[in-house]
Amino acid sequence: MTVFSFQDAQEEVPYALCRWLRARKYNLADTIKMVEEATECTSLPRKQGFFPDPEKALSVETSLYIKQYPQFYFGHAKNGCPVFISQPGRLNLEGISNLTCIPNIIKFHWYAMMHEYVHQLDLMRKSNGKFKRYECVCILDLSQLTMAKVSKRATNITKVQSAIDSLCFPETLNKMVIVNAPGFFSMTWKVIRGWIDQRTAAKVEVVGSCPHKLLEKLSNFIDPDELPSDYGGNGKSIEAFLRKDMLKVAESKREVGSTLKLEDEIPCLVSFKGKSKQTITVEAKKVVKLSFLTRTLEGCKILVKDAKNGNIMSTLNIVHEGNDDDDEDEVPTRYNLEDQGVVLQGPGNFDVEFLSNGRRFKVINVMMAVRTFVLDAAKLSFDNGTKTKAQPQTMIDDSGPNMSICTGVFSTADTINQSVKASPHIERKLAAMARKQEGKGQLQPKEDGDYGGIPKVNRVTTGSKKVSFPKAGKEDSNRIGYTVSDSPQRASSKACGLFPCN
């Protein structure tokens, strides 16, 4: 089983055996030892089926993780090998730290190799019967890479992934081209060469950032139609490609009958001292769901307000429920605002204020995920030729400690991750809501402004605290803007790198 790691893609026996023998220069004793070590390394992941669900492996949506560390397959090379693109220069360590943990990143790597990579190999095998050598072509894009990003934390992730690949998937690299390499890379490359096998290092070629030379070099082994437009090819841009994949995954997980369709998903790392404020603009007939993830033990209070009248819609106290905010083996704590029965309905502007619970100059990091949904007319039901809206419903997930009560029709992809424990404060609120629904009748939405099953009400009561929902107003600009305050005294504009900021 260890040697034939790609048996699901029906790798032929002679080619599989030769991969392992080549990795140890045809020394049989060394090859047997390598197989034994690889068998031990794969024993635990194998029992878990190599983590077939990537979101369960990461404990967070895959699309959020990929935006913090872009690594993905993009088409095939001329020789049939899948093309893998990695952009370590865009690695956001703080963003990843507030999304997942190191053990989960390793689980996701096992998924990528044993499921996604195998899928890419099998696609080519079925379309090209002559494709026999199960290898890949890698484009390592170092744009935006700085010395500050070449830290011990960053290299640890790459080092562990490389060690797994060298031991358990030998001789699977056909060619690697390092593009957009910065001037200091020559020193870094000497370090990286020490992590990988010498035969692998010989397959690596470094190219600068000149667009003409870059396209010329890559075109030698990748057809321009299989290249992203970012590198001068005729394919989609990397951003468009990742967005299409994100929407495809969300659609595959959308609940039957749901009239809310994911339109966009933006992760924003909010890093602040004392306090911070961000403003979100929601267009008409759109709904925004917010999630907050953190690993800070001091935590912060989050106020969600209607920017027009200042009414507080929700107050949320978020604190990491782990033992150590520096322990990256712990999964960050996650809070979904919809678990309080609150979503942002357009049109309107909404302020999200962050107030630190800790020391005045202590840096607090919170990852805010902004997911925008739009009404999907194609999902509206028809009865005798008459179009009617899907009826609102209450989803109650009481399968574990994270009971989630959400009024409306929601996608299953957006339910809270069951491995992340909800805070006692939220659980008390949810229990109060559940008792009210069961004993006093469910809250009834107004007919006007009912977008896809999300009830539009002006004010409801949750426990002893009032929760305000915004009234419809004039439609604002088509953008999401954020103003981040880095100090208690003065707010400053700061771009998160993913979308325009005020």
Side-chain angles (χ1 to χ4, degrees), residues 1-24 31-32 34-59 62-63 65-66 71-86 103-139 160-176 197 200 203 222 226 241 244-246 248-249 251-253:
M1 294 292 290
T2 301
V3 174
F4 306 110
S5 50
F6 303 137
Q7 62 179 353
D8 288 346
Q10 300 184 22
E11 181 182 21
E12 296 186 6
V13 173
Y15 287 92
L17 294 175
C18 281
R19 280 197 298 108
W20 291 82
L21 289 168
R22 288 201 311 270
R24 291 299 178 262
T31 302
I32 293 175
M34 181 184 183
V35 172
E36 291 173 346
E37 293 173 350
T39 301
E40 182 178 357
C41 181
T42 59
S43 60
L44 292 179
R46 190 181 302 279
K47 291 178 181 179
Q48 301 296 323
F50 295 103
F51 312 101
D53 188 330
E55 291 191 0
K56 286 185 178 180
L58 284 169
S59 294
T62 308
S63 53
Y65 172 78
I66 293 296
Q71 291 183 305
F72 50 91
Y73 290 97
F74 193 106
H76 294 80
K78 292 180 178 179
N79 60 4
C81 294
V83 176
F84 180 73
I85 299 176
S86 178
N104 285 0
I105 293 176
I106 302 306
K107 292 177 183 178
F108 180 72
H109 186 68
W110 284 113
Y111 158 80
M113 292 302 299
M114 293 300 295
H115 295 282
E116 182 61 26
Y117 180 49
V118 168
H119 174 67
Q120 296 294 329
L121 293 172
D122 200 40
L123 285 177
M124 182 51 61
R125 177 190 64 83
K126 291 177 179 178
S127 62
N128 182 3
K130 296 182 179 180
F131 179 65
K132 304 293 184 182
R133 298 187 63 163
Y134 283 15
E135 301 171 345
C136 78
V137 172
C138 179
I139 298 176
V160 173
Q161 291 176 334
S162 299
I164 291 175
D165 293 346
S166 296
L167 177 62
C168 303
F169 307 102
E171 295 296 313
T172 53
L173 180 64
N174 180 269
K175 180 74 175 179
M176 174 184 284
D197 180 77
T200 302
K203 301 175 182 178
I222 303 176
E226 294 287 311
F241 174 79
K244 181 180 179 180
D245 185 66
M246 172 195 71
K248 180 180 178 181
V249 171
E251 185 65 19
S252 68
K253 295 192 174 186

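What's counted below: heavy atoms across the whole structure, side chains too, no hydrogens, waters or symmetry copies.
- Nearest heavy atoms, C168 versus W110: SG-CH2, 3.8 Å.
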request  = Verify side-chain contact (heavy atoms from CB on, under 4.5 Å) between I139 and I222, making sure each step is shown before the conclusion.
outcome  = CA-CA 11 Å; I139 298 176; I222 303 176; 4.0 Å; yes
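- The only member of R24, K203, R19 that meets salt bridge (Lys or Arg N to Asp or Glu O under 4.0 Å) when paired with E171 is K203.
- Aromatic rings from Y117 and F6 are positioned such that their centres are separated by under 6.0 Å.
- Judged by distance alone, the side chain of W20 and the main-chain N or O of V35 form no donor-acceptor pair under 3.5 Å.
- The line from SG of C136 to CD of Q120 is 10.5 Å long, rounded to the nearest 0.5 Å.
- Separation of atoms CG (D122) and OH (Y134) is listed at 6.5 Å; rounding is to 0.5 Å.
- In this structure, the side chain of E226 does not engage the main chain of A77 through any donor-acceptor pair within 3.5 Å.
- In this structure, OG1 on T172 lies 9.0 Å from CG on L121, to the nearest 0.5 angstrom.
- Of all the heavy atoms in I105 and L58, the pair that sits closest is CA-CD2, 4.3 Å.
- Enclosure of atom CD in E40 is not indicated, since only 12 or fewer non-hydrogen atoms of other residues, nucleotides or ligands lie within 6.0 angstrom.
- Here the side chain of H115 pairs no donor or acceptor atom with the backbone of D53 at under 3.5 angstrom.
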message = Pair R22, E135 - check salt bridge (Lys or Arg N to Asp or Glu O under 4.0 Å), show working.
response = CA-CA 13 Å; R22 288 201 311 270; E135 301 171 345; 3.6 Å; yes
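- Here D8 pairs with V118 under the side chain to side chain contact (heavy atoms under 4.5 Å, CB included) rule; sequence neighbours left out.
- With sequence neighbours excluded, the residues forming a side chain to side chain contact (heavy atoms under 4.5 Å, CB included) with Q10 are R125, listed by chain and number.
- Panel note: side chain S166, backbone A163; no donor-acceptor pair is recorded below 3.5 Å.
- More than 12 heavy atoms of other shown residues, nucleotides or ligands fall within 6.0 angstrom of atom NZ in K78.
- Note that the OG1 atom of T62 and the CD atom of E116 stand 10.0 Å from one another [nearest 0.5 Å].
- When the side chain to side chain contact (heavy atoms under 4.5 Å, CB included) test is applied to L21, the partners found at least two apart in sequence or on another chain are Y26, T31.
- Proximity of Q71 to Q161: side-chain heavy atoms (C-beta onward) are separated by under 4.5 Å at one or more points.
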request  = List the steps, then state whether side-chain contact (heavy atoms from CB on, under 4.5 Å) holds for F169 with I164.
outcome  = CA-CA 7 Å; F169 307 102; I164 291 175; 4.1 Å; yes
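- For the atom pair F72 CZ and F84 CZ, the distance stands at 8.5 Å (nearest 0.5 Å).
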task = Test Y15 against R133 for side-chain contact (heavy atoms from CB on, under 4.5 Å), laying out the working first.
result = CA-CA 7 Å; Y15 287 92; R133 298 187 63 163; 3.8 Å; yes
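- Rounding to the nearest 0.5 Å places CG of N79 at 11.5 Å from NZ of K175.
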message = Does I66 form a side-chain contact (heavy atoms from CB on, under 4.5 Å) with M246? I'd like the steps, not just the answer.
response = CA-CA 10 Å; I66 293 296; M246 172 195 71; over 6 Å; no
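- Counting only heavy atoms from C-beta outward, the side chains of K253 and E55 approach each other to under 4.5 Å.
- The heavy-atom pair separating P52 from P54 by the smallest distance is O-CD, 3.4 Å.
- Here the closest non-hydrogen pair linking F131 and C81 is CE1-N, 3.8 Å.
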